[in-house]
Number of protein chains: 2
Amino acid sequence: MSQTSKYIRPLVAVDCLIFGFENQTLKVLLIKRKLQPYQNEWSLMGGFLKDKESADEAASRVLKELTGLEGIFMEQIATFSKFDRDPAERTISIVYSSLIDISKFEAQLNHAYEAHWFKVDEIPALIFDHEEMVAVGRDYLKKKAALQPILFELLGEKFTIPQIQQLYEEVFESSFDKRNFSRKLLGSKLLHKLNEKDKSGSKKGAFYYELDKQTNHYNFNTLLTLAYSQL
Amino acid sequence: MSQTSKYIRPLVAVDCLIFGFENQTLKVLLIKRKLQPYQNEWSLMGGFLKDKESADEAASRVLKELTGLEGIFMEQIATFSKFDRDPAERTISIVYSSLIDISKFEAQLNHAYEAHWFKVDEIPALIFDHEEMVAVGRDYLKKKAALQPILFELLGEKFTIPQIQQLYEEVFESSFDKRNFSRKLLGSKLLHKLNEKDKSGSKKGAFYYELDKQTNHYNFNTLLTLAYSQL
DNA sequence: CCAAAAGTGTTGGTTCTACACCCATGC
DNA sequence: GCATGGGTGTAGAACCAACACTTTTGG
């Protein structure tokens, strides 16, 4: 096809944006870049598309290569394509995102690439347009979390109501009345109360809950009304 | 950079998915492909990324070249990247979508490429993965329309309540009680009633409304509860 | 005068926000 | 015994779904 010669053939990158929650704080996983240019600067976990590989597959491979994390379901959130976004060479980047329970994957985390969790409000300068990617990802997270009960992915098997509330407040950059929050959350029929308390946060201790797996008639829309005004 | 040689350098396409509303039906704009392979098959409006062009820019250019439509705000909705999605050559495609008032752009529509509006439920076989793109676009439209008053883009300057309701019902593939729908819609403070009726749909005629531009305290969440169960 | 679509009102139940107090415990 | 964070209850307003009848007018 001769007419395709005027069209560009860029490198295609995937960048992985992984959110986690630890010590009551929303965090993002970043690595120190090993390649030139911008060696030793912080960035998302990125790599290039190979032959016969879809972007979904590339994202999983790249994440594993750079962090050791495996079996994490990521979702495509956006594609960045400004012609000068990578000064070295024309590159477009497809961004993938996921939410994980930090403690669950701690053992898997390979520190060869100096992967570190940063609080979302204390993210260092990032290469290229990666800061914009994080911003787009946070926005996506809000919209998604408003409509679906996905934030539980960030918590462990068991968690307390004050913990979940803190997570919601971090994600929506807002604060909620604890009485209303807890009523709505319990009203969702998503949780099952355990006979065990987390005493790390207070003297009294807060009861643990777990996700109720068999419930199939949950009412998530009650939580939506909380989040709606923050979208 | 020698290590980049193992990475692919595919063509990068943009495909435009344009929704419109006409005769109480949600429609999609398609063209008959002029290029080999799959000449004369129906497809979205697509083209390739050029030098120094971002995907956003390419999408606007391609849409204009193939249909004559200009000044349409499109949003990026997803990127398709399976390695064999285009049998001729490795190509990834970034899909953009928009909602337009068909009658407003009718004059601009250049029929050189045989652009036609198809009802969403009567879309012919499409090339490559374009049918999947339409499906993803419809899903995106639902989510977006549930959270924001965007469907008005599909209607003209003035419209009647039964018209809007029909549009909502098409988009959400559902039906709503007209009394509740109209109460919520008017309660949103988004509309301004005109002293004029549309008599084309009934003997009695339905009053026209227009978008109230100055209102900045609208209550869109009331409409959300209608749509929520369809997401 | 009648068919066909527009328009409107009510009710009982549910959920909303806003708010203040008691509880359990470790120190 | 007190400071700290956990947990709950209430009231009045707003909103919800479900439902049936009247209005207008072209034919």
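Bear in mind that the values here come from a model prediction, so they are computed numbers and not experimental data. The sequence lines fix the lettering, A, B, ..., with proteins before strands; numbering per chain opens at 1.
With rounding to whole Å, A/R183 atom CZ is found 10 Å from C/dA18 atom C1'. Counting to the nearest Å, the P atom of C/dT8 and the CZ atom of B/R179 are 13 Å from each other. Residue A/K184 contributes atom NZ, which lies 17 Å from atom C1' of D/dT8 at whole-angstrom precision. Spacing between atom CG of A/D177 and atom C1' of D/dT10 amounts to 13 Å, rounded to whole angstrom units. Atom C1' of nucleotide C/dC16 and atom CZ of A/F181 are separated by 16 Å, given to the nearest angstrom. Rounded to an integer number of Å, the gap from A/I161 CD1 to D/dG6 P is 11 Å.
Rounded to 10 degrees, the angle between the two end axes of the helix from C/dC1-D/dG27 to C/dC27-D/dG1 is 10°, with five pairs used at each end.
The stretch residues 185-208 of chain A touches DNA chain C through A/K199, A/K203, A/K204, each having a heavy atom under 4.0 angstrom from the strand. Residues from residues 219-231 of chain A with heavy atoms under 4.0 angstrom of DNA chain C, sorted by number: A/T222, A/T225. Listed by residue number, the members of residues 163-176 of chain A with any heavy atom below 4.0 angstrom from DNA chain C form an empty set.
By the 4.0 Å N-to-carboxylate-O rule, B/D121 lies close enough to B/R138 to be salt-bridged with it. Ion pairing of B/K193 with B/E210 is absent here, as no side-chain N (NZ or NE/NH1/NH2) approaches a carboxylate O to less than 4.0 Å.
Residues A/F172 and A/A146 share a closest heavy-atom pair of CZ-N, 3.9 Å. Contact record, B/L194 with B/F207: O-CD2, 3.5 Å, taken as the closest heavy-atom pair.
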Can you list, pair by pair, the side-chain donor-acceptor contacts under 3.5 Å of residues 109-116 of chain B, counting residues two or more places apart and other chains?
residue	atom	partner	partner atom	Å
B/N110	OD1	B/A112	N	2.7
B/H111	ND1	B/A115	O	3.4

Considering only distance and modelled atom types, tabulate donor-acceptor pairs under 3.5 Å from the side chains of residues 150-168 of chain A, sequence neighbours left out.
residue	atom	partner	partner atom	Å
A/K158	NZ	A/E196	OE1	3.2
A/K158	NZ	A/E196	OE2	2.8
A/T160	OG1	A/Q163	N	3.2
A/Q163	OE1	A/T160	N	3.3
A/Q163	NE2	A/D198	OD2	3.3
A/Q165	NE2	A/E169	OE2	3.0
A/Q165	NE2	A/F176	O	2.7

TODO: Give the intermediate values and the outcome of salt bridge (Lys or Arg N to Asp or Glu O under 4.0 Å) for residues A/E22 and A/K27.
DONE: CA-CA 7 Å; A/E22 194 180 45; A/K27 299 187 175 181; 3.0 Å; yes

TODO: Give the C-alpha distance, both sets of side-chain angles, the deciding distance and a yes or no for side chain to side chain donor-acceptor pair (under 3.5 Å) between A/Y218 and A/D212.
DONE: CA-CA 10 Å; A/Y218 64 85; A/D212 190 343; over 6 Å; no

Open item on the list: Let's go through A/E65 and A/R61 carefully: what are the C-alpha distance in whole Å and the side-chain angles of both, what is the deciding distance for salt bridge (Lys or Arg N to Asp or Glu O under 4.0 Å) to 0.1 Å, and is it a yes or a no?
Closed with: CA-CA 6 Å; A/E65 286 172 5; A/R61 172 182 56 79; 3.2 Å; yes

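Ring centroid separation for the pair A/F128 and A/Y38 comes in under the 6.0 Å cut-off.
The side chain of B/K178 sits closest to D/dA20 out of D/dA20, C/dT17, D/dC19.
Shown here is B/K64, whose NZ atom has no more than 12 heavy atoms of other residues, nucleotides or ligands within 6.0 Å.
Applying side-chain contact (heavy atoms from CB on, under 4.5 Å) to B/M45 and the options B/V14, B/I18, B/D15 leaves one that passes, B/I18.
Rounded to the nearest 0.5 Å, atoms OG (A/S188) and CG (A/N219) are 7.5 Å apart.
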